[in-house]
Amino acid sequence: MRIAIIGGGPGGLLFAALAARNIPGAHVDLFERNRADEAFGFGVVFSNATQSGVDAADSALRETLDASGVRWDAIRVTAKGETMTFAGNGMGAVLRKDLLAALQQRAVAAGAHLHFSAPRCIDELGDYDVIVAADGANSQTRAAIGDDTLGVTYETAAAKFIWFATDAPFEGLTFLHTHAEGLPDDVAGVFAAHAYPIGGGLSTFIVETDEDTWRAAGLDAFAPTTPPGPSDEHSQHRLEQIFAPLIGGARLIGNNSRWGNFAHHPRAQLAPRQRRAAR
């Protein structure tokens, strides 16, 4: 059996390792458009239940968390000058680049063939028996096949978000809420940050706000059509100012950081005709 995987993120790499290890005679090729040492974004976070599920299939995640990750039990929420703590929410996080390196090693050891700086589209892989689309939430493979063919529906959230890291220390998953000064009275002006430690002295720092606040705060100038890599530095410095009282004036760090909207994709159940069309 010949298996092609499009996308070398954690999901694609873990599948490559498991397929190469567990399917007798399988030839597994993984194609990733970026370099092996290139990682956009910062941390990857898992609940304890997810960690247990992944560990049952492969120990790479647990070993990476043990070596360089961070674990915690409590969630903290800061709003209107008060901080509340809620225990019993076991989670762990690790730098994305560390997890990718560990999973790359695991996939190669299992016998998978990894091809980096090698973008592929589904039409170029017709000689494979199985093609796995692991190219992310904004999958170009899914777009090429078409949502109607796959039976996929999704909703796009109205709130805007942007993903940074910060060198501000956090003990665990923390939600911060603040208001921006100097905005019109008819604009809410609320910004919320979702932060958690990821190791290496860094924390993930994801900021959300409503679209009216986003525009009123002058954060809508960066062109989202720019190629991957450049970050929205204006938003980075503006948000450093807005959150300074809550993060002690710490800096935000960009890595392909630009505003977007979360999309929720409910699991689709394909009819037999749709499954044949999707092949």
Side-chain angles (χ1 to χ4, degrees), residues 9 34 37-46 68-70 72 75-81 83 91-100 136-138 157-183 187-262:
N34 296 317
D37 61 350
E38 194 170 30
F40 292 125
F42 295 97
V44 190
V45 62
F46 304 88
S68 61
V70 184
W72 63 86
I75 291 176
R76 293 174 176 81
V77 179
T78 296
K80 298 180 179 180
T83 298
M91 305 182 80
V94 67
L95 288 165
R96 182 178 177 87
K97 66 179 183 64
D98 289 352
L99 181 58
L100 290 177
N138 297 314
K160 310 294 290 187
F161 81 94
I162 190 167
W163 194 314
F164 294 104
T166 180
D167 49 12
F170 291 95
E171 295 181 4
L173 181 57
T174 303
F175 295 94
L176 305 172
H177 301 80
T178 190
H179 282 78
E181 301 293 336
L183 301 187
V187 174
V190 176
F191 287 85
H194 169 172
Y196 54 86
I198 55 177
L202 295 176
S203 299
T204 282
F205 199 85
I206 304 171
V207 178
E208 294 185 60
T209 191
D210 65 275
E211 185 165 348
D212 288 343
T213 296
W214 176 69
R215 293 188 183 281
L219 302 174
D220 57 344
F222 185 83
T225 56
T226 56
S231 295
D232 183 346
E233 294 183 0
H234 170 70
S235 289
Q236 176 179 331
H237 299 317
R238 182 80 168 95
L239 293 171
E240 285 176 339
Q241 296 171 349
I242 291 171
F243 281 96
L246 296 179
I247 61 175
R251 62 180 181 141
L252 300 183
I253 302 164
N255 180 0
N256 194 36
S257 302
R258 71 266 310 275
W259 292 96
N261 297 73
F262 287 113

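Atom set for the values below is all heavy atoms of this structure, side chains included, hydrogens, waters and symmetry mates excluded.
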_Testing the basics here: between I253 and D167, what is the closest heavy-atom pair and its distance to 0.1 Å?_
CD1-N, 4.4 Å
*Sidechain-backbone polar pair: E240 side chain, L252 backbone, donor-acceptor under 3.5 Å*: yes
*asked:* Testing the basics here: between S68 and V94, what is the closest heavy-atom pair and its distance to 0.1 Å?
replied: OG-CG2, 3.8 Å
*Test W259 against S235 for side chain to side chain contact (heavy atoms under 4.5 Å, CB included), laying out the working first.*
CA-CA 9 Å; W259 292 96; S235 289; 2.8 Å; yes
*What class does the angle between the rings of F191 and F243 fall in, given that below 30° is parallel, 30 to 60° is tilted and above 60° is perpendicular?*
perpendicular
*From L246 CG over to T83 OG1, what is the distance, rounded to the nearest 0.5 angstrom?*
8.5 Å
*Can you check whether W163's main-chain N or O pairs, donor with acceptor, with S257's side chain at less than 3.5 Å?*
yes
*Gap between atom CD1 of I247 and atom OG1 of T166 - 0.5 Å precision*: 4.5 Å
*asked:* For a quick test of reading the model, state the closest non-hydrogen atom pair linking S231 to G254 and the distance between them.
replied: OG-C, 3.6 Å
*Which distance, rounded to the nearest 0.5 Å, do you find between the CG of L219 and the CZ of R258?*
15.0 Å
*Say whether, by atom type as modelled, one donor and one acceptor occur between the side chain of N255 and the main chain of A39 under 3.5 angstrom.*
yes
*So H194 and Y196, ring-ring contact (aromatic ring centres under 6.0 Å, His included) or not? Walk me through it.*
CA-CA 7 Å; H194 169 172; Y196 54 86; 5.7 Å; yes
*Determine, step by step, whether V45 and T204 satisfy the side chain to side chain contact (heavy atoms under 4.5 Å, CB included) criterion, reporting the C-alpha distance in whole Å, the side-chain angles of both residues, the deciding distance to 0.1 Å, and the verdict.*
CA-CA 10 Å; V45 62; T204 282; over 6 Å; no
_Minimum heavy-atom distance between G43 and I198, given as atom pair plus value_ = CA-CG2, 3.5 Å
_Any donor-acceptor pair under 3.5 Å from T209 side chain to V190 backbone_ = yes
*asked:* My understanding is that only residues two or more places apart in sequence, or in another chain, count here; which of them pass salt bridge (charged side-chain N to carboxylate O under 4.0 Å, His left out) with E211?
replied: R215
_Nearest-0.5 Å distance, CG of residue L176 to CZ of residue R76_ = 11.5 Å
*Under the side chain to side chain contact (heavy atoms under 4.5 Å, CB included) rule, what do F170 and F205 come out as? Steps first, then yes or no, please.*
CA-CA 10 Å; F170 291 95; F205 199 85; 4.2 Å; yes
*Please name all residues satisfying side-chain hydrogen bond (donor to acceptor under 3.5 Å, both in side chains) with W72, sequence neighbours left out, ordered by chain then number.*
none
_Which atom of A168 lies closest to which atom of A250, heavy atoms considered_ = CB-CB, 3.6 Å
*Nearest-0.5 Å distance, NZ of residue K160 to CG of residue D212*: 11.5 Å
*Which pair of heavy atoms, one from L183 and one from A216, lies closest together, and at what distance?*
CD2-O, 3.6 Å
*asked:* Rounded to the nearest 0.5 Å, what separates atom CD1 in I162 from atom CG in D232?
replied: 5.0 Å
*Contact check, side chains of F164 and Q236, non-hydrogen atoms, under 4.5 Å*: yes
